[in-house]
Every structure is written in structure tokens, then in C-alpha cells.
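Computed from a predicted model, the values in this text were never measured in an experiment. Numbering of residues begins at 1 and proceeds along the displayed sequence.
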Amino acid sequence: MTTTDLLPAPPPHAAARRALLAGSAGNLVEWYEFGVYGCFATVIAANFFTAHGGPGTGTAAEGPGGGVEALVATYASFALAFFFRPVGALLFGRIGDRFGRRPTLVLVIGLMTLATTLIGLLPTRADIGAAAPWLLTFLRVVQGLSAGGEFGGAVSVMVEYAPPGRRGLYGAWQSFTVALGLLAGAATAAALATVLPAAALYAWGWRIPFLLALPLGLVALWLRTALEEPPGASPPAPGTAGRADEAAAPAWTTTVREQVRAVGLGIGRIMGWSAAGYTFLVVLPSHLQSALGASFRDALLATTLVNLGFAASILPAGLLSDRVGRRPVLLGGALGVAVSAFPLLHVLQSPGASPQARAAAVLAAGALVGLLAGPGPAMLAEMFPRRVRCTGLGLSYALANAVFSGCAGLFVTALTARTGSTAVPALYAATACALSAPALLTLRADDHREPLR
């Protein structure tokens, strides 16, 4: 019997498509919520982190205890949720590796939907005082835990179901649904800002996008309860975990050092993706408002365009990585951000720039992040054996996002306020991508052709 004989047969295309749909649905809900939170950061700051919320509250022009401080507090809550994502990745990743992918995916989407809906029902600081920001932060922590388990389980399902030579494309669907979720969040926020007066938006309109997560989450939950386990990923049946299971047991324990090294290398490879993605896709609206004086509607329009550019490049990037390899596509994206971040931001803040030039700048910024996000999930999945794949790739992604994404808003807002420089977002994204390049160079040219371990 050869090694090839031991590999699971490729799954039927119908089952692969169902797995792709079920895995993608939860990502869309998750990143829809994160997009909404980023778009409404100034509104949330006014309602939860200042004594009296309302239009104009939370702008950079206010004094101590007002705008910038409230926005920093909002992003601190944002960052805290990210620092719980590694805990969720470890907890739900072990469940996914030990008991199967489906239980993890069902559990995390249920928690995410519940927490997001409750945010839409929270009383504000004007209603219950200082308890409001603490309740908001608690729900953000719950979201962080569930989001930490989402990536590892979803990517494992998508990649393990992928037909031969299509892992990059199937993994890219995870990132593509991230883009769809962010676009849906930005579009919802923009629509509300257009049809509602500012007073109504601050008073109750901001709740609508969070409450919409409930029906979205229920659909995703329904899809995932019908999901079949990927070939070779199902937990052993009762009474069958004998010698074969014992032989496989040392896969994690005897190679802990190698797995820890792989997690560290994975963090290095995606740190640029994490930093640039959140800087351009999530932090941008609040930065344009607080630092560059843009209106809420203009900032949301820019966010919608940057996410359109992001979405448009993800699937082509994943498909291209299946043909030419992960390394050239990922390196191209990282170096592209490092070189062009400052020129793109200069166009956005230049008074003489035309609307068309500014639109092209934000579209290009999003497309560069898409080059990183397309091949990224498959690249991480290929780094870990099946037995620890949920945990390993989920932990790599969660730790990178905790440090380089979760802190992006806090770092950019605080440093911009301290230095007065409006170039901080470009500096942050370009530096992270430049530092990520050496780790990406360690990718082998034929990694995408090797069978999953």
C-alpha cells in the first residue's frame, strides 16, 4: 500500500460546494459586525464612552474627555476583543481537531450572533451610566472568543474539501466573504447615514446594523448544522480509537517545538496582511473623520470603495496562487503595500486631488490587501498537519490579528493625536508589510502542489 492509497479520496463537488457555503456564511456575519463597529466607531464613542452622546460628540475638535479620548477608548474595546481571539482559537481549535469541524463552526456562529444582537440592544451610557461601556466590552470579549474559533474551523473545512489544485481558490473564499461582510457593514452604515438625520442616527439608528446580524446568523447556523465532516477530519467512532489513534496521538505532543515554530512563522507571514487589512479596511473611516476632517458620509464612501477593491482581487489572487505558487503573490502584495502606502494616503489628503484620483487610490489600496488575503488562508492551512490544523492555523491568525489588527485603530488614533501627523496609517501598514517580507521568502515554490499532511 502506498502513501497515496492512505489519502482520502477527493470529495464530490456538490459536497465541496456545500462546505464552501457553510464555511463562508459565518465569516460574512463575523466581518459584517466588525465592519459595522469600525464604521460606527465615532457614534459608539459618543454613546458609550462619553457622558452625553449625540451628533458632534466624539470628534477630534473636542477637548479632554471628548472626541479623541472617547475614540481611543472605543478602539481599546476593539483591541481587547482581538486579544481574546487567541484564547478562542486555542479552545475551539482543540474542539475542532478532536471532535470534528462541525461542532466548532456551529458553536462559534451561535455565540457571535448572540453577542452581536445584544450589542444592538444595549442601553447607552446616558441610560445606565458607567456600566454601559463595561457591558459593551464584555460582549466584545464574547465576540473575540467566538471569532478566534471561526477562522481555524472555516478554513480547515474549505481547504480540506478543495479539489486538487484548488486549495488557494477555496481558501480565498474565506477572505472573500470577509470582504462581503465588510462591504455589507459599510453599505448599511452609509445607507443609514444617508436616510437618517444625525440626531436619529446617534440616538437609535446605529442599533439597526447590529440587530440585522440575527437573521444573518440564523441562516448561517442552519447551513452549518447540515454540514458533513471533511474526509479524514471526522472524530473516531466510539470503540474505534484503538492502536491507530494511539499511533497518531504523538502528532501534537512530540512535536510541540515544531508546531510553536510554525505558529511563529505563520504570524510573521501574515502580519502585513493583518496590519494593512485593518488599517485600510476598518480604521480608515474614523481616521478620515478625526484627522482629515472628512464627513461621515465621505468616510463611509471611501470605505465602501476600498472594500470593493479588496473584494475584486481576492479570488483572482487565490486562483493565481494555485498556478504560480503562494510566494510570488503574497510577496507582491506585501511589497506593493510597503511601496505605495504613503503615495496613496497622500492622494487622499491632497486638497487638489480629484474625486476620481481619490477613488482610484482607495480601490488600489484594497486590491493590494486582496493579494495578501487571497492565498493567505491556504498558505496557513498547508503549514499544519490535519490533526492540529484547526488549532495551528487558527492560533497563528488570531495572534497576528490580536497584535497587528486589534491594535491598529488604537495605535493609529493615539499616535496621530500625539504627533499631529496624518501619515501614521501609511507608516503602520508599510512597516508591517516590509517586516513580513522575509518570512514570506521562506515559502517554497512548490508548497501549493504538495498534498495536505
Side-chain angles (χ1 to χ4, degrees), residues 7-8 10-11 16 19-20 22-24 26-27 85-86 89-90 92-97 100-102 104-105 108 148-178 227 229-234 251-252 255 258-270 273-274 314-315 317-322 325-327 329-330 372-401 439-440 442-444 446-453:
L7 295 174
L20 198 60
S24 300
N27 290 290
R85 291 181 75 163
L90 189 60
F92 294 114
R94 294 305 294 148
I95 293 174
D97 285 329
R101 312 314 194 204
R102 182 173 62 180
T104 289
L105 292 178
V108 296
E150 170 69 32
F151 183 84
V155 171
S156 294
V157 164
M158 293 175 182
V159 172
E160 288 166 359
Y161 261 108
R166 286 293 183 267
R167 290 198 301 261
L169 178 61
Y170 269 57
W173 274 93
Q174 190 278 336
S175 297
F176 183 63
T177 50
V178 168
L227 179 67
E229 290 291 336
S234 300
W252 172 263
T255 59
E258 293 180 9
Q259 301 303 332
V260 170
R261 187 183 300 115
V263 168
L265 182 59
I267 293 171
R269 287 175 175 176
I270 67 170
W273 170 18
S274 300
I314 291 172
L315 295 181
L319 182 60
L320 181 62
S321 75
D322 283 329
R326 318 289 183 224
R327 184 172 62 188
V329 182
L330 288 165
L372 299 168
M379 180 271 294
L380 285 177
E382 291 161 355
M383 294 179 64
F384 299 94
R386 183 186 299 272
R387 181 176 173 83
V388 294
R389 184 168 295 129
C390 273
T391 306
L393 74 89
L395 199 55
S396 299
Y397 183 79
L399 286 170
N401 277 271
L440 291 172
T442 64
L443 284 165
R444 296 184 305 177
D446 60 348
D447 280 343
H448 62 296
R449 297 192 180 95
E450 294 294 325
L452 287 176
R453 291 180 287 162

Smallest separation among heavy atoms of [X] and [Y], with atom names:
| X | Y | answer |
| --- | --- | --- |
| G171 | V159 | CA-CG2, 4.2 Å |
| G268 | A439 | C-CB, 3.6 Å |
| S175 | A373 | OG-O, 2.5 Å |
| G168 | S321 | CA-OG, 4.0 Å |
| S396 | I270 | O-CD1, 3.9 Å |
| G318 | A172 | CA-CB, 4.0 Å |

Side chains of T442 and R269, donor plus acceptor under 3.5 Å: yes
Do [X] and [Y] touch side chain to side chain, with heavy atoms closer than 4.5 Å?
| X | Y | value |
| --- | --- | --- |
| R166 | L319 | yes |
| P385 | Q259 | yes |
| L393 | V155 | yes |
| M158 | N27 | yes |
| Y170 | P377 | no |

Gap between atom [atom2] of [Y] and atom [atom1] of [X] - 0.5 Å precision:
| X | Y | atom1 | atom2 | answer |
| --- | --- | --- | --- | --- |
| R444 | R326 | CZ | CZ | 12.5 Å |
| T104 | D97 | OG1 | CG | 8.0 Å |
| L440 | L330 | CG | CG | 5.5 Å |
| I314 | L169 | CD1 | CG | 12.0 Å |
| L105 | I95 | CG | CD1 | 11.0 Å |
| L380 | L395 | CG | CG | 11.0 Å |

Electrostatic pair R389:E160 at N-O distance under 4.0 angstrom: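 So R389 pairs with E160 through a salt bridge.
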Test salt bridge (charged side-chain N to carboxylate O under 4.0 Å, His left out) applied to R167 - qualifying residues, sequence neighbours left out: E382
Qualifying residues under ring-ring contact (aromatic ring centres under 6.0 Å, His included), relative to F151, sequence neighbours excluded: Y397
ring-ring contact (aromatic ring centres under 6.0 Å, His included) involving F176 - partner list, sequence neighbours excluded: W173
